[in-house]
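Atoms within a ligand are numbered from 1 in the order they appear, just like the ligands themselves. The residues of the chain are indexed from 1 along the displayed sequence. What's counted below: heavy atoms across the whole structure, side chains too, no hydrogens, waters or symmetry copies.
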Amino acid sequence: MLTTLIYRSQLTPSDDVLPLDTLVETAKRNNTALGVTGMLLFDGAHFLQVLEGEEETLDALFSKISRDVRHQHVVEMMRDYAPRRRFENVGMVLFDLRLELPQTILDSVLRHGKLESYLAAEDRVFKFIETFATSERKARPDERFDATRWVLEPKTPPFRPPLPNILPDQMCQFALQPIVEPLGRTISSLEALVRSNNGGSPEHFFSAIPDDQIYEVDLQTKAYAFALAEKIGIGSHKIAINLLPGSLVFIPGAVDFLLEKVHEHNLSPEQVIVEVTENEMISGFGEFNSALKKLRAAGMGLAIDDFGSGYAGLSLLAKFQPDKIKIDREIVSNIHLSGPKQAIVNSIIKCCSDMEITLVAEGIERVEEWCWLESAGIRRFQGFLFARPLLNGVNDIHWPTFTV
Ligand SMILES: Cc1cc2nc3c(=O)[nH]c(=O)nc-3n(C[C@H](O)[C@H](O)[C@H](O)COP(=O)(O)O)c2cc1C
């Protein structure tokens, strides 16, 4: 299927004397042989390239181009399908913003391409070209967040080592995973993740529970999470628990039960954060909201988990603002490579900063993801990069350390 791919990238600093003409001549030859057409825009430091061709051919070419050391920070901006090419007979053409004015370049882009038939003013491809040609160039990204400059150093956290002994009738266990502020090297909280007694996933644990007992069981298991927090010596750190909204709505006295267990294990309600997932909050909003008021009145914090994965999205925040939002792992995975993901996260950051809601990015596995998110303004993170969950304890935390 005819595919259009747009990416942007930056000239590698050491390649300031890149012979662009040679690059473009080779590209033109290769592309013609591959049935690929397109254009390359350059402003002295940044590239924007449009490539069109069969999807598999483009994927292979783009992966080769992405690995080219002459440029870096390659970010895919757009991938779309079209009935016909915009740069029909052009294997590759270079437009150099150092040599011509943006308007002259845009005029020749229109002449080279078959953009008239695409009503250029409304065409996304042309709009990407126009924005690149006319906007102020941003300086190179903050060197502090160059992923190659960071190494991760494991440190033992200030908690007691794993304690496998469980109570005789305990239905499940918990694994703890820290949420951290890497630059300040602080632990914001420990999330308690439910596991079956043989270490199985939450899905595995809940699949063995009859439907009519799910909420009751969900609520009761939180007592083990608080007991574990006490056993490992949580001190003044916070503990985050996951709760199904139904457990608050349908189980009478749910908040009182939580409070009783919190006190029984020598914790304070202010140390507890209740995480609920976005999807589950949408049904029965009215009842859920009144249960939340009780929770908040008791002093417990509230976080929306997996934000961005469900249906309500940003409109949910108009009705209801939690203290914290955890951005879904799907949106942050490989964010350093994806323009659409970067745009979405930037808008979540702006929106939450206006509402003074703390953001946590979860599911971080790569140092590049952390670098991008940290430079965009997120401070709290959870993920395998920093620490994996550990049954009945807290794993070593890998803190990023800057190397000169
Ligand atoms: C900004 C930039 C754009 C490029 N565009 C293309 C292109 O459109 N087509 C292409 O074949 N190579 C392009 N290249 C070069 C490829 O990365 C790679 O060096 C080339 O395809 C290798 O060709 P070869 O397999 O014939 O050695 C580009 C390189 C850079 C830095």
T401 versus R185, side-chain donor and acceptor atoms under 3.5 Å: yes
Between Q103 and D107, does any side-chain donor sit less than 3.5 Å from a side-chain acceptor? yes
How would you list, by chain and number, every residue that makes a side chain to side chain contact (heavy atoms under 4.5 Å, CB included) with S333, sequence neighbours excluded? K341, E369
Using the test ring pair (Phe, Tyr, Trp, His ring centres under 6.0 Å), find all partners of F250 that sit at least two apart in sequence or belong to another chain. Y215
Side chains of T12 and Q72: any donor to acceptor distance under 3.5 Å? no
Residues in contact with ligand 1, criterion: heavy atom under 4.0 Å: Y7, L23, A27, N30, N31, F47, Q49, L51, L61, K64, I65, D68, R70, H71, M92
My understanding is that only residues two or more places apart in sequence, or in another chain, count here; which of them pass salt bridge (charged side-chain N to carboxylate O under 4.0 Å, His left out) with E25? K28
